[in-house]
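Remarks on the structure that follows.
This is a predicted model, so every value here is computed, not measured. Chain A is the first sequence line, chain B the second, and so forth, proteins listed ahead of strands; every chain is numbered from 1.
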Amino acid sequence: MTLTAIKGFNDVLPGESGRWHYIEEAARRVFELNGFGEIRVPVMEKTELFCRSIGDATDIVEKEMYTFTDKGENSVTLRPEGTAGVMRAFIEHKLYAQDPVSRLYYLGPMFRYERPQKGRYRQFHQIGAEITGVHDPLADAQVLNMLTAFFREIGLDEPSLQINSLGCPECRPAYRAALCSFLNERLEDLCEDCRRRLTSNPLRTLDCKVLGCVQATAEAPSMLDHLCGDCDQHFGSVRRYLDLSVTPYSINPRMVRGLDYYTRTTFEMVTGLLGSQSAVAAGGRYDGLISQLGGPAIPGIGFAMGVERVALLLGQREFASTPDLFIATMGSGERDTAYKLMDGLLKLGVRVELDYEGKSLKSQMRRADKLAARYSVVIGENEVNSGRASFKRMSDGTTTELALNAEEIAAALAVR
RNA sequence: GUGGCUAUGGUGAAGCGGUUAACACUUACGACUGUGACUCGUACAUUCGAGGGUUCAAAUCCCUCUAGCCACCCCA
């Protein structure tokens, strides 16, 4: 193999793209039903946008971004996630001036320089949605319901919803301090990674997988007990709304997010079926992000889901479509007739296959079978002369004689 | 960035030092000279990820490199 794709960059071949369409179409249907409109933003942005939104100290910004200098000496970066670019466009085009509430969704490739493994790739695809302009927890609930509805729409009950609240700039610092002092008392029980996390991102120690850490942090203080009055009330309302819509969820007070901009409500759709990648979709509220990027003080909430991970969950279901009719020809003398028939039927929306190379009849019939065509017809000298042919239903071999007329054939095939 | 595992045709794979690299699927053609599925026949890797080495002899042993996968980390 001389020339191959870049590590962590994958091709989606025709046999698999049907599954992608299925996912994308379901998302569009569900999101648009909820009043969301698609926004398409560039895959590359100024590097600064991601540093300011995601957070300078996060792993994403520190070591996972595809950043380079373009020919104009600007530092640009292939987007590692979608929200930052969408919010940049939101601010740049002053969408808030047209409507106090905006609901946007997007889909497309994201790039992160990580070591690839199951469910994790360097180019991966996300479908995401964002609501801006709403402080009310009703928006949180709508987003969560929509996500739940999407998984129901594609026929999956596997990923389950977990929610948490991260508090706000008012109450989080106090919680963080309480957690740090708790952890400092048990330093010797923590793994090496967690000792490092203590300074970099203490909240992360809460979802460490090492047994010793799990035990050591079992009694750790919970963010939920340290929420300020407003945050506590907000979280309570989110839960009440979810209960009202009978949306299943569980509270996971140890859930942590990787991006700095999250406040209050955070959530994940998790599964145990994806190896070490448990999050299929995740998101949260980001009330400070828009102003932080130079826009007005408008709150936001949203999520993104990993298309590859959803596709993995869908498994080997068959999404390919099959031909309505396969036209076989006896010899080159009949090809013009067959070609015209195919053309006429295609123009009427009938999916027709015609052998390209004038193979033997045997071969053509085998191919018709392989493609799982619903009907087949053989065009030979007799058919050309009589203008009629018998159409064979492949499932049981029964035949029907019809005139070689596109309208008549299309009508007949549609009924059967 | 750190580990572990694996590399044989279009695909899944047998082979574990000795002349033609098993088998199955796929593909092509045929058995039926105008009709598929089942069945049967024939064909399809001068070559075993790449490069070195050991040996009379290497896909099989050794070294180096490369790639892929999975896990850590992190995350969708």
Under the criterion side chain to side chain donor-acceptor pair (under 3.5 Å), I'd like the reasoning laid out for A:T399 against A:S390: C-alpha separation, chi angles, the key distance, then a yes or no.
CA-CA 6 Å; A:T399 58; A:S390 63; 4.9 Å; no
I want to check one thing: is the phosphate of B:A71, taken as OP1 and OP2, less than 4.0 Å away from some side-chain N or O of A:Q117?
yes
How are the rings of A:Y105 and A:F31 set relative to one another: parallel (under 30°), tilted (30 to 60°) or perpendicular (over 60°)?
perpendicular
Is the closest basic N to carboxylate O distance between A:D336 and A:K340 below 4.0 Å?
no
d(CG, A:L147; P, B:A76) in whole Å
13 Å
C1' spacing across the pair B:G12 / B:G18, given as an integer number of angstrom
28 Å
Gap between atom CD of A:E308 and atom CD of A:Q123 - 0.5 Å precision
8.0 Å
To the nearest Å, give me how far apart OH (A:Y113) and P (B:U2) are.
11 Å
Residues A:E24 and A:R28 bridged, charged N to O under 4.0 Å:
no
Integer-rounded Å distance: B:A71 P and A:K118 NZ:
7 Å
Could you check whether A:I127 gets within reach of a base, just the sugar-phosphate, or nothing at all, counting any heavy atom under 4.0 Å?
nothing
Residue pair A:A281/A:G8 against RNA chain B: nearer the 5' end by closest nucleotide is A:G8
Quickly work out the A:F124 CZ to B:C74 P distance and round it to whole Å.
16 Å
Under the 6.0 Å and 45° cation-pi test, does A:R186 pair with A:F182?
yes
Should the pair A:R122 and A:Y113 be classed as cation-pi, given the thresholds of under 6.0 Å to the six-membered ring centre and 45° from the axis?
yes
Specify the residue among A:H125 and A:I6 whose closest nucleotide of RNA chain B lies further upstream toward the 5′ end.
A:I6
Runs of at least three Watson-Crick or G-U pairs with RNA chain B, cut-off 3.5 Å
B:1-7 with B:66-72, B:10-12 with B:23-25, B:27-31 with B:39-43, B:49-53 with B:61-65
Atom C1', compared across B:C69 and B:C38: separation rounded to whole Å
39 Å
So, under a plain 3.5 Å distance rule, would you say the side chain of A:R120 forms a donor-acceptor pair with the base of B:C73?
yes
Using the P atoms only, state how far B:A7 lies from B:A76, rounded to an integer number of Å.
35 Å
Working to the nearest 0.5 Å, report the span between CD of A:E401 and CZ of A:R388.
4.5 Å
When you measure from the side chain of A:T47 to the backbone N and O of A:S75, does any donor-acceptor pair fall under 3.5 Å?
yes
For atom C1', what is the distance between B:G49 and B:G68, given to the nearest Å?
10 Å
I want to check one thing: is the phosphate of B:C73, taken as OP1 and OP2, less than 4.0 Å away from some side-chain N or O of A:R196?
no
Using atom CZ of A:R309 as one end and atom P of B:C74 as the other, report the distance to the nearest whole Å.
14 Å
Rounding to an integer number of Å, can you tell me how far A:Q277 CD sits from B:C69 P?
13 Å
Using the C1' atom as the reference point in each nucleotide, state the distance between B:U6 and B:A13 in Å, no decimals.
14 Å
B:U26 to B:C32 separation - P atoms, rounded to the nearest Å:
22 Å
So what does A:A282 touch, heavy atoms closer than 4.0 Å: a base, only the sugar-phosphate, or nothing?
sugar-phosphate
Roughly how many Å apart are B:G10 and B:A43, using the C1' atom of each and rounding to a whole number?
15 Å
Using atom C1' in both nucleotides, what's the gap between B:G4 and B:U8 to the nearest angstrom?
22 Å
Measure from CG on A:N10 to C1' on B:A67 and round the result to the nearest Å.
14 Å
Could you tell me whether A:G283 contacts a base, only the sugar-phosphate backbone, or nothing, with contacts defined as non-hydrogen atoms closer than 4.0 Å?
nothing
From CZ of A:R115 across to P of B:G4 the rounded distance in Å is 11 Å
Approximate separation, where rounding is to 0.5 Å, of A:R196 CZ and A:T205 OG1:
11.5 Å
Are A:Y96 and A:F90 an aromatic pair, judged by ring center distance below 6.0 Å?
yes
Could you encode protein contacts along nucleotides 30-39 of chain B as a string, one character per nucleotide from 5' to 3', using B for base contact, S for sugar-phosphate-only contact and - for no contact, with a heavy-atom cut-off of under 4.0 Å?
BBB-BBBB--
